[in-house]
Structures are given as structure tokens and as C-alpha cells.
K.L.:
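Below you'll find the structure I mean.
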Amino acid sequence: MVDECVQEWSADSQAEIRVIVMNAFRAEKDGQVNRGALLNLRKLDIKDSRWKRAMEAVDDSIEVLGTKRYIRFYPRPNHQAAWSSLSLDVATASLQVSDLRGKSNAATKN
């Protein structure tokens, strides 16, 4: 649908206009479409009904598999001490402290 719109709109234009939009569908090195460029097309205010259907198809294809929200700190009590990993899971307010030698101590506060 997007290609259809671009072909029609650029029929009397220079080829560069088509390249700009089609760049969003160019495959990356790993064969994947550049998601950022593709999702940015949704921000364009284009009234054509075919374009709107194409952007709805893009919206429908989005599937969130999961997210993580945490903050990780690496404190140590002094310059000679080993670094420790402190991960704070903001979503569940759980706290896990582990040093880089593999020891772990979990504490949860809800």
C-alpha cells in the first residue's frame, strides 16, 4: 500500500522523493527492516486513505514482547574493595545485590 501511494504521488516528481520513503523499508545488514524508520512514517500527517490503511497495518503488526525497567549501580566501600552490582527493579520495587565474585543476596520490599 505504501509503495502504491509513493508511486502515484511521485509520478511527476524526481526519483529522490520515492527514495526517501522507501528508505524506511530497506533491509539492514541482518535482513531486518529498520523499525525506527518504519515507525517514524506513522508520524507523517498524510490524509490518503491507502496511506492510513498502510499505517494501520504497521500499527497492527507491532507486538511488545516484554520490557524491563531497572537501574544498576556498581558501588564499593573504598578504592581497594571489589565492585558490587546493585540492581533496582523499579517495576516491582525488588532489590538484588550481588558482588562480581558471584555471590548474591536478594531483598524485596513491597
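All of these numbers come straight from a predicted model, not from anything done at the bench.
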K.L.:
Of all residues at least two apart in sequence or in a different chain, which pass the side-chain contact (heavy atoms from CB on, under 4.5 Å) check with Asp48?
P.N.:
Cys5, Trp9, Ile46, Arg50, Trp51
K.L.:
Applying salt bridge (charged side-chain N to carboxylate O under 4.0 Å, His left out), can you list everything that pairs with Lys47, at least two apart in sequence or on another chain?
P.N.:
Asp45
K.L.:
Please list, chain by chain and in numerical order, all residues satisfying side-chain hydrogen bond (donor to acceptor under 3.5 Å, both in side chains) with Arg42, sequence neighbours excluded.
P.N.:
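Only Asp59 meet the side-chain hydrogen bond (donor to acceptor under 3.5 Å, both in side chains) criterion with Arg42.
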K.L.:
Hey, does Ser84 have a side-chain heavy atom less than 4.5 Å from the side chain of Tyr74?
P.N.:
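No, side chains not in contact.
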K.L.:
Can you tell me if Arg76 uses its side chain to pair, donor with acceptor, with the backbone of His79 under 3.5 Å?
P.N.:
yes
